[in-house]
Colleague: 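Mind having a look at this structure? Questions to follow.
Letters A, B, ... are given to chains in the order of the sequence lines, protein chains preceding strands, and every chain is numbered from 1.
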Amino acid sequence: MSRPHIDPVLLEVLRNRLDAIADEMELTLLKSAASPIVKEGLDASAALFNVQGETIAQAAAIPIHLGALQFAARRLVHAFPPSSMRDGDAFLLNDPYDGGTHLPDITLAVPVFADGHAVALACTMCHHQDVGGRTPGSVPTDATELYQEGIIIPPTQLFRRGVLDENLLGLLRRNVRLPDTFTGDLMAQVAAGRLGGVRLRELVTRHGVQTVLAYIEELLTRAETLTRREIEAIPDGTYTFADSLDNDGVDLDRPVSIQVAIHVRGSAMTFDFTGTSPQVRGPFNSVPASTLSAVYYAVRAISDPSIPNNGGCFRAVDAVLPLGSLVNPRPPAPVSCRTATIKRLADTILGALVKALPGRMPAANSGTLLVMAFGGTDPETGQPFVASELAAGGMGARPHKDGIDVIETDVSNCMNIPVESVEMNFPLRIGRARLSRDSGGAGEFRGGLGLEKTFEATTTEVTVSHRGERFASSPWGLHGGHPAPRARAFIVRKDGRREEVPSKKMLTLQPGDQLWEYIAGGAGYGDPLERDSDLVLADVLDGKVSTEAAGAAYGVVLTSGGTAVDHDATKSGREALRQARGPIDWVFDHGQSGRESY
Amino acid sequence: MQIGVDIGGTFTDIVALSADGRLVLTKVPSTPKDLLQGTAHAIRRVLTLASATPADVARFVHGTTVATNAVLEQKGAVTALLATDGFEDILELGRQKRSRMYDLDMDPETPTFLAPRRRRLGIRERVDARGRVLVSLDEAQVRVEVTRLRAEGVQALAVCYLFSFVNPAHEQRTRELCHEVAPDLSVSLSSEVDPTFREYERLCVTAFDAYLGPVVKRYLRGLGETLRALGVQAVPQIMRSRGGIVSAALAAQQPVTLFLSGPAGGVVGARFAAERSGVRDFVSLDMGGTSNDVAVVQGGEPLIASEGRIATYPVRAPMVDVNTIGAGGGSIAWLDGAGGLRVGPRSAGAEPGPACYARGGEQATVTDASVLLGYLNPETFAGGLLRLEAAAAAAAVGALAARLGLDVVATAAGIHSVVNARMADQIRLMTIKRGYDPRQFALVVLGGAGPVHGVALAEEIGMSEVLVPEAPGVLAAFGLLAAAVEHHHARTLQSAVDTVDLAAVNACLSALDGAGRARMREEGVALEAVRVTYAADMRYVGQAYELEVPIPAPLVGPHVLAAQADFHAAHERVYGYARAGQPVEFVNFRAIHTYPLPRPVLRTPEEAHHTLTEAQVGERRAYFAPTGFVPTPIFDRARLPVDARLPGPAIVEQPDTTTVIPPGYTATVERSGNLRIRRSS
């Protein structure tokens, strides 16, 4: 196609409109979906694709979905060539090994027709409450095969020219625990997809199909050009980093290593995961669609936010994902708990980018979204209950700012559950939910604090599916900044006995037993001995840093009342610490796992 | 005589309505350092214009930005927070979600400035979800801590204990102890400010209440003194976020209800204007210098949100559901990294203002584009207060045009297309989000810039008609005179519909009614004329969000079933489906007490002195796509005869705004004073 004259006004109007259509699709999906995880966890996405399967516009979803829909769209146009699609068709899939991510995420695509041809796909993805398998909710933490995680749907046609395939729907319904909720969510996806189709057709009718397609291509090209310009600013070279997951939920003593080498050549970037652990037995494997979400998140995080949000941003980016590894497993490896893996992939990539973009990247975030499910039978109602908990840790310190205390970071962005809501509805009591003192890594800029929270079973036995992280490794500090202390958890039984809890385990609480959680904070940035002593004092007065840590980590000595800095003692104290430590000749500080330089 | 004053960022608008229905309106520059100076100036000026004396003022109603400004500028009282031990960080933890997903350099999004951690204290006490005391209040600790805080200069205290909405005894006792050891301390209890569940949201609104209390009290006391100094005897009334008014003394007791005072006045004013044309379903669009406010009115009632946001902070107080984006006359046009033309959200504001103000602004704005497209008259802009420099507008837009490779006019038209596209999406989202089809609604345009863009917007969305009220530029001030006295109370009482304890519910409704009537008694209004409506927040068991359903009181069995059916229907409308078999529960109950005031009576326009020809004051070339510039007659709104029809292209000028009627549309001058614009048949 020859490059037409581009009117910058129409270009902006169309960009705005395409983004708004994706937003409206997502809104429709969120509103009309039936399951709480979609409505409250916002675990859903919507996007428009061209018939090559490239993203035209995507609604602001959680970053964990960034790569996912694109894979599904590509698989669907491969399985069902656009020339064979008809108006009123709809397609779906969830097979992680054929365009999906994990089984609860079902993608549904509706082709958009203009002048008798399919010109685009309106796609939605939503996390379904239950897709069958071994456990309610279809996310068994100790699964060892995909088959235990639910029904597997390869690329499949659900509607033909507007007619629903009742046999297929009947088969799906028979395989899930909540067939009505499932159908409700699926039909919400159909409705959102069709709405996207209607809106896009309005646009095409008004401006002409060739014009709209040409302008879409121009938007993709501009996003590509601008992203390439950002990459060109990075010196050519290979930037490597390694980090690890605590374990795979099955083999509890074995850390799972993740390695990345980012090759920058001119305006292109390759993310090479060679050296990453082989695929694991437990459900922490991450298929390419999931893995690339972490890659795409990192690309967006280092780019100008005004760059159009479309597939052009990722044309300059590719990845090497060794087959049979954690980041590209062979079937039927289980994949349901891949969120923890995507978060650690993001940590690892951001770590490599520290070397590529000196002075721009933050120290490590907590690297954790603590996911727990409390289950049992409520003695008052006799009904089974499941209460979920999604709790964040701290943000890593930035080159010029402290990290934020307790906030969702990188690829995840979930809300917490109010304490009052939990206690009003479940036989649980929360004893505290507060910032965990000294949990942020020390530094010239301090890491954000993690969370301290306790849960007590009140009237009945409660089982807890516990998925934590950073119990076995530390969020890493930068340029002299300290790592954040590791996360930990323990149970205090009713009789006072204390039992340590590993990062991933099924637990049982009897009435009166308490589960104590300390979620990791973010790591520090820069030499703590250079931190403004008044800021250290403020942290002590705010109880965010203890007097002991102020002395030991920051070399700041307070006057006897503890309300002012003793400047003389601080000066000599800092000098002594500096002498003992020697010059900072490392970049990353992993704590017990050692230090490394570029 | 009744006076309404609305203080905006740039101008203070004032309207005076005399007993015979004569309306006088004017505006004076706002005085941000001491807002009351501008107010006094405005009152003197409007009285002169109306040939009235201060003694003639029977009512004085005020829309204020004092609460919003205090938060945005962080100039509230020195505040401390008492929470249940172990939960003193709820203010900082918030809901842990971030709004800027890819921004590595973001700042905290919870209002920690209200009380840094050293002033957030955990108090030993605990109540469970049923209100049973698990740990008694440690009174000695409260005494010691409050004494210390007072000594450290704390002026206001927020108290928010878990489950205080079920059992407020510990919070109430805490206040008694505060009065003992620090009698001058201002104390806000969460069980009074907002006795509903979800601790972060309740804590935030309570902390805002404490933080704002002293500031708002000082301001309203000053307002009273200013009025008395001028010789105005009327007790001032204040517009609140929900669109009702209260006496200043009561407003000072609930400062968190004032955040949307200004925009609520605009919506109430738009409703008054629309009703005069028999329009009850409409979208109001208030486009000023820096921002555009969109609200939806359905069946004559503004849609209300039970919670809103100020910056990134949740404020759980009912408010007119207004969506604001940075799109106004002063919005700056710029090129993004991709070379695309963007408009806003940054604004040139009043200083330096658009390039055509010739006050040093060099960047092209929407107003500059409007001048170049022939929509605005440089000589008579803002009633002639400001002379616009078309050459400066051309230079600013020209600089952008050169970078875009377009000519100046195409760039100016482009600026309009882009800003209109943003506002159109804003209207779509506001209506669709609530389950309404925007094409079923009229568009009521207000603000100085609204009538310039209204028809283009309606066309973009497919809305059938546009109403331009008589004085769109000061409608927010006028709306103050059209509002009712209103009080709202809410309380959490969670109960499944199937097993609802009607005695408990009716006790709750009766307590809410008592609270509302007590407020009305303080207002000094005739209690027998007070209307009360009740509502319940309902949801499917297990959901985390509620929908408000009207209910009668007292509640009896059949009402419960009706409420359940209404809930299913509301769910169907808003969310697109209902689940008939799914258990439903009540969560909160609400009572709204209203005392209607006589609607303002405007003098009906005198019979036409002028013909349409006489109303035409000139002609200039204005730009309409796709044709380009066409000769366009210019009319003076004040001289337009009733029932006249103005086929587009036409432009109507008046001191506070300019209405653009494109080709293909016809405006009718209604007896109501509104211009009604529809597609020409």
Colleague: Taking atom CZ of B:Arg439 as the centre, does the number of heavy atoms from other residues, nucleotides or ligands within less than 6.0 Å exceed 12?
Modeller: no
Colleague: If I compare all heavy atoms of B:Phe87 with all of A:Ala433, which pair ends up nearest, and what's the gap?
Modeller: CE2-N, 3.8 Å
Colleague: Got A:Ser421 and B:Arg198 here, is their nearest side-chain heavy-atom distance under 4.5 Å?
Modeller: no
Colleague: How far apart are the closest heavy atoms of B:Leu104 and A:Pro362, and which atoms are they?
Modeller: CD1-CD, 4.1 Å
Colleague: Taking everything shown except B:Arg434 itself, do over 12 heavy atoms lie less than 6.0 Å from its CZ?
Modeller: yes
Colleague: If you measure from CD1 on A:Ile407 to OG1 on B:Thr110, what distance do you get to the nearest 0.5 Å?
Modeller: 7.5 Å
Colleague: Side chain from CB out, backbone as N, CA, C, O: work out which of these in A:Thr409 comes under 4.5 Å of a heavy atom of chain B, or both, or neither.
Modeller: backbone
Colleague: Against chain B, label A:Ser412 side chain, backbone, both or neither, depending on which of its atoms sit under 4.5 Å from a heavy atom there.
Modeller: backbone
Colleague: A:Leu449 versus chain B, heavy atoms under 4.5 Å apart: side chain, backbone, both or neither?
Modeller: neither
Colleague: Could you look at A:Ala538 and say if it's the side chain, the backbone, both or neither that has a heavy atom under 4.5 Å from chain B?
Modeller: both
Colleague: Could you tell me which non-hydrogen atom of A:Arg199 sits nearest to which non-hydrogen atom of B:Ile432, and how far apart they are?
Modeller: NH2-CD1, 4.1 Å
Colleague: Indicate yes or no for a side-chain donor-acceptor contact from B:Arg98 to the backbone of A:Glu408 under 3.5 Å, with no hydrogens or angles considered.
Modeller: yes
Colleague: Below 4.5 Å from any heavy atom of chain B, which atoms of A:Asp7 appear? Answer side chain, backbone, both or neither.
Modeller: side chain
Colleague: Measuring from B:Tyr102:OH to A:Asn309:CG, what's the distance to the nearest 0.5 Å?
Modeller: 6.5 Å
Colleague: Would you say B:Arg95's side chain and A:Met415's backbone share a donor-acceptor pair under 3.5 angstrom?
Modeller: no
Colleague: Looking at chain A, which one of B:Gln582, B:Arg202, B:Glu201 has the largest number of heavy-atom pairs inside 4.5 Å, strictly under?
Modeller: B:Arg202
Colleague: Is A:Leu435 in contact with chain B via its backbone, its side chain, both, or neither, using a 4.5 Å heavy-atom distance?
Modeller: both
Colleague: Non-hydrogen atoms of chain B under 4.5 Å away: do they reach the side chain of A:Arg300, the backbone, both or neither?
Modeller: both
Colleague: Against A:Asp542, only a single residue in B:Arg118, B:Arg119, B:Arg117 fulfils salt bridge (Lys or Arg N to Asp or Glu O under 4.0 Å); can you say which?
Modeller: B:Arg118
Colleague: Contact part of A:Asn425 toward chain B, heavy-atom cut-off under 4.5 Å: side chain, backbone, both or neither?
Modeller: side chain
Colleague: Is the shortest side-chain N to carboxylate O distance from A:Glu423 to B:Arg126 below 4.0 Å?
Modeller: yes
Colleague: Report yes or no: does B:Asp103 contribute a side-chain atom to a donor-acceptor pair with the main-chain N or O of A:Pro305 at less than 3.5 Å?
Modeller: no
Colleague: Going from CZ on A:Arg432 to CG on B:Asp85, what distance comes out if it is rounded to the nearest 0.5 angstrom?
Modeller: 7.5 Å
Colleague: Can you find a side-chain donor-acceptor pair between A:Asn413 and B:Gln96 that sits under 3.5 Å?
Modeller: no
Colleague: Who wins among A:Pro308, A:Gly431, A:Gly448, A:Gly396 for the most heavy-atom pairs under 4.5 Å with chain B?
Modeller: A:Gly431
Colleague: At a 4.5 Å cut-off on heavy atoms, which part of A:Leu226 comes close to chain B: side chain, backbone, both, or neither?
Modeller: side chain
Colleague: Applying side-chain contact (heavy atoms from CB on, under 4.5 Å), run through A:Asn16 and B:Val418 and close with a yes or a no.
Modeller: CA-CA 8 Å; A:Asn16 213 73; B:Val418 170; 6.0 Å; no
Colleague: Applying side-chain contact (heavy atoms from CB on, under 4.5 Å) to B:Met101 and A:Tyr297, what does each step give before you reach the verdict?
Modeller: CA-CA 9 Å; B:Met101 214 133 46; A:Tyr297 163 74; 5.9 Å; no
Colleague: Can you say whether A:Met361 sits under 4.5 Å from chain B via the side chain, the backbone, both, or neither, judging by heavy atoms?
Modeller: side chain
Colleague: What residue in B:Glu88, B:Arg100, B:Met106 has the most heavy-atom pairs under 4.5 Å with chain A?
Modeller: B:Met106
Colleague: Closest heavy-atom contact between B:Leu162 and A:Glu420?
Modeller: CA-OE2, 3.5 Å
Colleague: Shortest non-hydrogen contact from A:Ser306 to B:Asp336?
Modeller: OG-CB, 3.7 Å
Colleague: Give, as side chain, backbone, both or neither, the part of A:Leu14 having an atom under 4.5 angstrom from any heavy atom of chain B.
Modeller: neither
Colleague: Using non-hydrogen atoms and a 4.5 Å limit, figure out which bit of A:Lys453 sits close to chain B: side chain, backbone, both or neither.
Modeller: neither
Colleague: Kindly give the heavy-atom pair with the smallest separation between A:Ile404 and B:Asp107, and that separation in Å.
Modeller: CD1-C, 3.5 Å
Colleague: Quick check: does any side chain N or O of B:Arg428 sit under 3.5 Å from a backbone N or O of A:Ala20, one acting as donor and the other as acceptor?
Modeller: no
